[in-house]
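Inspection log for the structure reproduced underneath, given as structure tokens.
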Amino acid sequence: MRYIHLILRSLFRSRRRTILTVLFLAVSVFLVATLQSILLTLDAFANNPNSSNRIAVRHKVSLTNLLPLRYADWIRQQPEVEEVMALQWFGGIYQDPRNFFPNFAAEPEPIVRIFKEEIVEYSETQWRDFLRDRNGCIVGEALAKKYGWKVGDVIPMQGTIFPINPRLNLRLIYRSRRLTDEQAMYFHFKLVEEGVPFMQGRVGNLWVRAKHPDEVPRLIERIDRHFADAVEPTLSETENAFQLEFLKMMGNLATIIHAITGAVLVAILIVTANTMAMAIRERTTEVAVFRAMGFTGSRMLGILMAEGILLAIMGGMAGLGLAWLAAGGIRAALGSVIPWLTDFTIPVDTLLFCLHASMGLGILSTFIPAYRVVRRPIVEGLRAL
Amino acid sequence: MALDFIIRCEAVAKSYWRGTLEIPVLQGLDLEIPRGGYYALMGPSGSGKTTLLNLIAGIDRPTGGSIEVCGYDLNDLDDDQLAGWRSQHVGFIFQNYNLVPVLNAFENVELPLLLTRLSRRERREKVLEALALVNLTDRLENYPRQLSGGQEQRVAIARAIVTEPDILVADEPTGALDAKNAEEVMALLERLNSEVGKTILLVTHDPKAAHHARIQIHLEKGVLDRTVEVNR
Ligand SMILES: Nc1ncnc2c1ncn2[C@@H]1O[C@H](COP(=O)(O)OP(=O)(O)OP(=O)(O)O)[C@@H](O)[C@H]1O
Ligand SMILES: [Mg+2]
């Protein structure tokens, strides 16, 4: 540590060059950190460990074809099944199309058992009120807060897929462990079934809860086999896979993000390598003077490497700082539009990845010029003026 | 009576190769310098003065012969041992001062002490002592670009003596200075020799500078051809 002073001074020898390099690194790392965080957040959403017991059953042909409601009866009799629930994406609008939040028509009684990992805290009295009121609905607390809803309010919903505009009575506000899970609204499926002629006895999805996650694959296989020859064959998948299908509508995001990350890392490498090569080459004589005074080659190499690594880490930290600030902005600006960004942060994994990547790039870009200058004979270095 | 020779060169040879062509610079050179000696190495340009100085200072290796300095046969030391040896026994003074531009005078002088086990306080004492010897205690905070050439060279001399080495090697230390500053630097070296007892090996073109030494040796065609004692 006696060299830290020397290292810092040397690093800022050419102040403008160092500051520009740090800024470039910061912007690059910011970009990588933000993109990777979005990817991880979406990934976490599609790999929700809470949903490992749950199966989404739908029509084999497409997401928009309907299944007969009576399929639920057969599925319920299977020994691995804990609960079955009819679930219909309603896609309704509250006041303005920009006020997007997921809203579903569901068979009411099973809701809290199917989604027990998400609907964690609620009042039993309110729950009974909801079950009794055919026009009742339940929403997550974050959603309620956003629109200022209180229990007892009337929420007019405007159908988009279905030609009905239910006026729902807010009966219950639940809490979840994560804000992301407090973004949904559920109301009685009967409203859709009785209000829309083509929905009689039919539903978009059956949500199944297995008693044990290990039984999920077997159950999926059995359900699909049983209905394979029916007029309406089924396609069952884990809830995670189903969510993923939903997210895939956004295109092959992961590939694009990884490609951008790779390109940015290469750019960082080139820029730091160039900065360090210049910084070290112009000090050829100085390195020779140090070595003449008795600094060994490996000590000099260490000092020069520390400089490069410090430069990279300064850039990396600045970039992560920017990303952290931006995460707040993304939460505020997009969290209400894209519900799974409500909890958006820079995950620890991404943080560590970016720190390691910048450190690695610092090492990589400094080693070659540092090694070359240190290996040069002292007398040649002294002559190189 | 055997004199205490601090530098002993025996049949030292050094050649450079340009491709397969051998360029002999030193060819079987013998030289003995006693402890406390002050030698000026002279000779025409390209005669090998710098080469010889670098060999004795242990920053270059001979192609033949042996060099013993401060009781060590330099051929026996590997690169890292040689570095350690230099840090203890040799102080370098260059024509271009070679101070680190981003460090101030104090920090420049402190540099070689970073290789020792001395504490911060002990280092500070030694640095102040060295800077007092060169008469620059009022310039501690100045950076090289804020100093005159003569002052820069005096800081460099302080850096060379701060570790209390046995010998000082100086390659054209006045080459970049005007007459007045050159005279000052030479007077300083003379004082270090006569008062502190440093062995000094000085390479110079300047007869005036060489006159400060006690002995002048002349290098010609790869060997020493003349040794002159300076009468004062
Ligand atoms: N690395 C090298 N490769 C090839 N030849 C070299 C190398 N270093 C020195 N020489 C040659 O060796 C000879 C002696 O060089 P040296 O620098 O020792 O001379 P010098 O006496 O110090 O000269 P000057 O008074 O000009 O400083 C010169 O002819 C020089 O060209
Ligand atoms: Mg020379």
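Just so it is clear: chains get the letters A, B, ... in the order the sequence lines come, proteins before strands, and each one is counted from 1.
- Of the inter-residue distances, the one linking I378(A) atom CD1 with R61(B) atom CZ reads 9.5 Å to the nearest 0.5 angstrom.
- If you measure heavy-atom distances from F295(A) to chain B, the contacts under 4.5 Å come from both the backbone and the side chain.
- Note on L115(B), D60(B), L99(B), N54(B): by heavy-atom pairs under 4.5 Å with chain A, the leading option is L115(B).
- Ranking R291(A), R2(A), M293(A) against chain B, the residue ahead of the rest is R2(A), based on heavy-atom pairs under 4.5 Å.
- Here the closest heavy-atom approach between residue S298(A) and residue D80(B) is recorded as OG-OD2, 4.5 Å.
- Within 6.0 Å of the CD atom in E10(B), the count of heavy atoms belonging to other residues, nucleotides or ligands does not exceed 12.
- Within a 6.0 Å radius of OH in Y72(B), other residues, nucleotides and ligands contribute 12 heavy atoms or fewer.
- Residues T285(A) and N98(B) have side chains in contact (heavy-atom distance under 4.5 Å, counting atoms from C-beta outward).
- For W324(A), the CH2 atom sits in a loose shell: 12 or fewer heavy atoms of surrounding residues, nucleotides or ligands are nearer than 6.0 Å.
- For R283(A), no part sits under 4.5 Å from any heavy atom of chain B, backbone or side chain.
- R383(A) is not listed as a side-chain neighbour of T50(B), based on a closest heavy-atom distance of 4.5 Å or more.
- Proximity to chain A is absent for every atom of Q88(B), based on heavy atoms less than 4.5 angstrom apart.
- Other residues, nucleotides and ligands place no more than 12 heavy atoms under 6.0 Å from the CE atom of M317(A).
- The number of heavy-atom neighbours closer than 6.0 Å to CD1 of I260(A), taken from other residues, nucleotides and ligands shown, is above 12.
- Two residues are said to be in side-chain contact when any heavy atoms from C-beta on lie closer than 4.5 Å; L382(A) and I59(B) meet this criterion.
- Two residues are said to be in side-chain contact when any heavy atoms from C-beta on lie closer than 4.5 Å; F290(A) and V100(B) meet this criterion.
- Heavy-atom minimum distance, V289(A) versus R159(B): CG1-NH2, 3.9 Å.
- Within the 4.5 angstrom heavy-atom criterion, no atom of L55(B) approaches chain A.
- The local environment of OH in Y371(A) is sparse, with at most 12 non-hydrogen atoms from other residues, nucleotides or ligands closer than 6.0 Å.
- Here the closest heavy-atom approach between residue S87(B) and residue G294(A) is recorded as CB-CA, 3.9 Å.
- Shown here for N104(B) and R9(A), the closest heavy-atom pair between the two residues is N-NH1, 4.5 Å.
- For E141(B), the CD atom counts as loosely surrounded, since its 6.0 Å shell holds 12 or fewer non-hydrogen atoms of other residues, nucleotides or ligands.
- The shortest distance between side-chain heavy atoms of L103(B) and L6(A) falls below 4.5 Å.
- Taking both residues in full, the closest heavy atoms of A292(A) and R86(B) are given as O-NE, 3.1 Å, listed atom of the first, atom of the second, then distance.
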